[in-house]
Amino acid sequence: MLSKPPGIEDIFPDRIGRRNLIVNAAREAFKLYNVREIVIPVMEFTEVFVRGLGNETDIVSKEMFTFEDRGGRSLTLRPEGTASVVRAYVENGEYNRLAMCKFFYIGPMFRAERPQKGRLRQFNQFGAEIFGSGDPFHDFEAIAMMDAIAKRAGIGDYTVLVNSIGCPNCRPDFVRALTAYYTGVKDLLCRDCASRLDRNPLRLLDCKQDSCQPLKKDAPRTVDYLCDECKSHHGSVKGYLTGGGIAFTEDPLLVRGLDYYTRTTFEFVTARLGGQNAFAAGGRYDNLVEEFGGKPTPAVGFAAGIERMEILLEGKEIPGGGIDVFIVHTGGETLAKAVALCGELRGAGISADMDPGSKGFKAQFKKADREGAAFAVVIGEDELAAGTCTVKDLKSGDQEAVGAGAIADFIRKKLA
RNA sequence: GUGGAUGUAGUUCAACGGUAGAGCCAUGGACUGUGGAUCCAUUCGUUGCGGGUUCGAAUCCCGUCAUCCACCCCA
C-alpha cells in the first residue's frame, strides 16, 4: 500500500469543522484589524530564507526541504511565512511605497524535523505582518490581534509572554554580558548549553534542563540592557497592553529562535501541548525589509500554528456539519421523483442527499441520521399517488404531508 | 540528529511458543413504509515488512520501516 511521508498528514472531514473554526476566527479578526490577505508562494529561492532567518538558525541549517530545480537553482519549501511576505513586499513597488501595509497569510509550512505532538513536517500557519511603523501601538496591535483570534476560536488558559530583546545598538552589550556570565559558570552548563554559548548565546536563557535553571537566576536580563529608545518602546507596548485589557506576563527569558527579531518578542503559551508550549509567537523586525533590499521599514508580525490550536480545541463540541434534507424513496418511479426533488432542493440552496440504490426505509433513515440531516423527505408509493411528500423533522420526529411542488419553500421556512 | 515506547480487523484492544478473538463501527434483520435505544446475525486479518531460532512464532532474536512520546528546535 502507498503511504505518505513521515510527519505529513491527511486531514479528513471530521477535523475540518475544528480547523474552520480557527481559520474563520483568524479571518474575522484580521478583517476587524484591517489586515488584508496575501498569498505567498510555497517555495522560494533558498536565499530568501537564509538571508531572512539567519544562517545559524536551526531552521536554516538543518530543517529545510531544499532541492535544485532543473536549472540548477536552489529552491526551498517555505519553513515559515515572514521571509516570503517581506520578499514579496520589497519586490512589489505598488505596496512598498504605501506608508503602511498590513498583510495576513494562511497556508502550509515545511520543516524537516522529527515529528511529535504538535510538531509536523508539513503544518499550517496563519500569520500577520505589519509594515511601515515602528510605533509601539503596532506591537500591541499584533498581540491584541492574536489574542482576539484565540478568544474567538474558544481557546482558554494560555499565557501571553512578552519581552524586549533590544536593537542592534543595545543587544551586543547584553550578549556580551550574557556570554561573560555564562563563561564564568561554563563547567556547570549542560552539553547543549555549552554549544549554545558559542553558537547562539541568547538561547542559553531558553534551556529546559533542570541543572541549568539555577544559573538563570543571576543571568543578565534583556530588559536591564535596553537603550533608552528600546526601553521607552518596551514600556509603551506594555502600557498599551494593560490599557487594552490584554493580560500578559513579562518574561525576560523569552528569546526567539530567528535572527530577525528586534525589540518586542512575544509568545502565546500553554501547558497542554506536551513538549511544545507555544501555539503562536512573533515580534518586531525593524531591519529585515532593509536586509532584503527594501528601504528601511520597521515591521512587526506573528505566526500561529493551526494544528497546535486544534489540539487546544480537542474535546470541544463543534456544531454544524449536517445536511438539510435526506430524501427517502422506494425505487422505480419514486426514484425518478426523488432525483428530481434532490436537484430542485440543491438548486434552491438547500443541501440535500439521497441513496439511489434500492434499500429499505430503515436503512435510508439510518443513513439520513448518520448524515446529520435536519429533515427526511419521503417519496413512496402513497405519496406518488397523492402528489405529496412526507416531510419528517428528524429532531422532533414530527412529520406532515406537503404538496410535491412546495417542498423547497416548506423546508426553507422550517430552517429559518 | 539523539533517546524511549509501540506496531494484531476500519477502530480500540485481547490471545503462556500450540486453531488469531472481543467491544465499537459497518451491513442486514427483529420492525413487510420510518433514524437515534435494545436484541440477534453477518462481513472484516498476508499479526507492518524481511530474515533467524523452533516440530511449531502474533509471541523469542536480529534487521528494517512506520507511529507515538521526549530531547533538540520551533508555530
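Residue numbers begin at 1 in each chain, while the letters A, B, ... track the order of the sequences.
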State which of B:C72, B:G35, B:G33 makes the closest approach to the side chain of A:R119.
B:C72
Please work out if A:P6 contacts a base, only the sugar-phosphate, or nothing of the nucleic acid, heavy-atom cut-off 4.0 Å.
sugar-phosphate
If you look at every strand shown and take non-hydrogen atoms under 4.0 Å, does A:G118 touch a base, only sugar-phosphate, or nothing?
base
Does A:G7 or A:D398 map to a spot on RNA chain B nearer the 5' end, using the closest nucleotide for each?
A:D398
Value in whole Å for how far the C1' atom of B:C73 lies from CG of A:L120
15 Å
Just call it for A:E267: base, sugar-phosphate, or nothing, with non-hydrogen atoms closer than 4.0 Å on any strand.
nothing
Could you tell me which nucleotide pairs with B:G17 by Watson-Crick or G-U wobble geometry, both distances under 3.5 Å, or answer none if nothing does?
none
Tell me the partner of B:A9, counting only Watson-Crick (N1-N3 plus N6-O4 or O6-N4) or G-U wobble (N1-O2 and O6-N3) with both under 3.5 Å; none if nothing fits.
none
Where the side chain of A:Q399 is concerned, which of B:C71, B:A75, B:U34 is the nearest nucleotide?
B:U34
OP1, OP2 of B:A70 versus side-chain N and O of A:Q116: anything below 4.0 Å?
yes
Euclidean distance, atom CG of residue A:D206 to atom C1' of B:C72 [Å, nearest integer]
11 Å
Under 4.0 Å, heavy atoms only, any strand: does A:D382 hit a base, just the sugar-phosphate, or nothing?
base
Determine which nucleotide pairs with B:C44, using a 3.5 Å limit on both distances of a Watson-Crick or G-U wobble pair.
none
Using a heavy-atom cut-off of under 4.0 Å over every strand shown, decide if A:G397 touches base, sugar-phosphate, or nothing.
base
Can you tell me how far C1' of B:U27 sits from CG of A:D355, to the nearest Å?
13 Å
Spacing of the C1' atoms in B:C74 and B:A20 (rounded, Å)
44 Å
Can you tell me the base-pairing partner of B:G35? Count Watson-Crick or G-U wobble geometry only, both distances below 3.5 Å, and say none if there is no partner.
none
Can you identify which nucleotide, out of B:G35, B:C74, B:C69, has its nearest atom closest to the A:K392 side chain?
B:G35
Choosing from B:A75, B:C73, B:G33, which nucleotide comes nearest the side chain of A:E381?
B:G33
Could you go through the salt bridge (charged side-chain N to carboxylate O under 4.0 Å, His left out) check for A:E371 and A:K367 one step at a time?
CA-CA 6 Å; A:E371 297 295 343; A:K367 188 149 189 190; 5.1 Å; no
With distance as the sole criterion, do the side chain of A:R308 and the base of B:C74 form a donor-acceptor contact below 3.5 Å?
yes
Tell me the interatomic distance from A:L205, atom CG, to B:C74, atom P, rounded to whole angstroms.
13 Å
Looking across every strand, which nucleic acid part, if any, lies under 4.0 Å from A:A368 by heavy atom: base, sugar-phosphate, or nothing?
nothing
Describe the nucleic acid contact of A:L312 in one word from base, sugar-phosphate, nothing, applying a heavy-atom distance below 4.0 Å.
nothing
Does a distance-only test, which skips hydrogens and angles, find a donor-acceptor pair under 3.5 Å between the side chain of A:K362 and the base of B:U34?
no
Quote, to the nearest angstrom, the C1' distance that separates B:U64 from B:C25.
33 Å
When you get a sec, tell me which of B:G3, B:G28, B:A75 is the closest nucleotide to the side chain of A:Q125?
B:A75
Can you check the distance between B:A70 and B:G56, where both ends of the measurement are the P atom (answer in whole Å)?
43 Å
In whole angstrom, what separates A:Y158's OH from B:A75's P?
18 Å
Over how many whole Å does the gap from A:K366 atom NZ to B:U27 atom P extend?
7 Å
If we count only N and O atoms by modelled type, under 3.5 Å, do the side chains of A:N163 and A:T222 hold a donor and an acceptor together?
yes
If B:G3 has a Watson-Crick or G-U wobble mate with both distances under 3.5 Å, name it; if not, just say none.
B:C69
Quick one: label A:E383 by what it contacts on the DNA or RNA (base, sugar-phosphate, nothing), any heavy atom closer than 4.0 Å.
base
Report the C-alpha separation of A:T390 and A:E383 in whole Å, then their side-chain angles, then the decisive distance to 0.1 Å, and conclude whether the side chain to side chain donor-acceptor pair (under 3.5 Å) test is met.
CA-CA 7 Å; A:T390 301; A:E383 286 82 359; 2.6 Å; yes
What is the ring orientation for A:F140 with A:F137, classed by angle as parallel under 30°, tilted 30 to 60°, or perpendicular over 60°?
tilted
Which value, in whole Å, describes the distance between the P atoms of nucleotides B:G4 and B:A22?
37 Å
Does the B:G35 base have a donor-acceptor partner in the side chain of A:D369 within less than 3.5 Å?
yes
Which part of the nucleic acid, if any, lies within reach of A:V378 when heavy atoms closer than 4.0 Å are counted: base, sugar-phosphate only, or nothing?
base
Could you walk me through whether A:R221 and A:E250 pass salt bridge (charged side-chain N to carboxylate O under 4.0 Å, His left out), step by step?
CA-CA 12 Å; A:R221 316 228 135 190; A:E250 272 197 80; over 6 Å; no
When A:F375 is tested against each of A:I407, A:L345, A:V391 for side chain to side chain contact (heavy atoms under 4.5 Å, CB included), which residue passes?
A:V391
Could you tell me whether the side-chain ring of A:F365 sits stacked on the base of B:U34, using a centroid cut-off under 5.5 Å and a plane angle under 30°?
yes
Euclidean distance for C1', B:C24 against B:C16 (whole angstrom)
28 Å
Which nucleotide in the list B:C73, B:A75, B:G33 gets nearest to the side chain of A:F361?
B:G33
Mind checking if A:R370 touches a base, just sugar-phosphate, or nothing, with heavy atoms under 4.0 Å?
sugar-phosphate
The residue among A:M146, A:E310, A:E307 that forms side chain to side chain contact (heavy atoms under 4.5 Å, CB included) with A:F279 is A:M146
Have A:E381 and A:T334 got a donor and an acceptor in their side chains that come within less than 3.5 Å?
no
Answer with base, sugar-phosphate or nothing: what part of the nucleic acid does A:K117 contact at a heavy-atom distance below 4.0 Å?
sugar-phosphate
Where each residue is assigned the nucleotide of RNA chain B containing its nearest heavy atom, which of A:A363 and A:E307 is assigned the position nearer the 5′ end?
A:A363
Taking the side chain of A:P115 as its heavy atoms from C-beta onward, which of B:G33, B:C72, B:C68 lies nearest to it?
B:C68
Checking A:D398 side chain against A:D393 main chain: does a donor-acceptor pair fall under 3.5 Å?
no
Listed nucleotide nearest any side-chain atom of A:R114, set B:G3, B:C74, B:U34
B:G3
With the side chain of A:R196 defined as its heavy atoms from C-beta on, choose the nearest nucleotide among B:C72, B:G33, B:G1.
B:C72
Look through every strand shown and name the nucleotide pairing with B:A58 as Watson-Crick or G-U wobble, where both distances are under 3.5 Å.
none
Whole-Å gap separating C1' (B:A75) and CD1 (A:I149):
13 Å
Nucleotide nearest A:E113 when distance is taken to its side chain, options B:C74, B:C71, B:C73:
B:C73
Side chain to side chain contact (heavy atoms under 4.5 Å, CB included) between A:Y261 and A:V255, intermediate numbers included:
CA-CA 9 Å; A:Y261 287 111; A:V255 292; over 6 Å; no
d(CZ, A:F49; P, B:C74) in whole Å
16 Å
So, A:F123 and B:A75: ring centres less than 5.5 Å apart, planes less than 30° off, yes or no?
yes
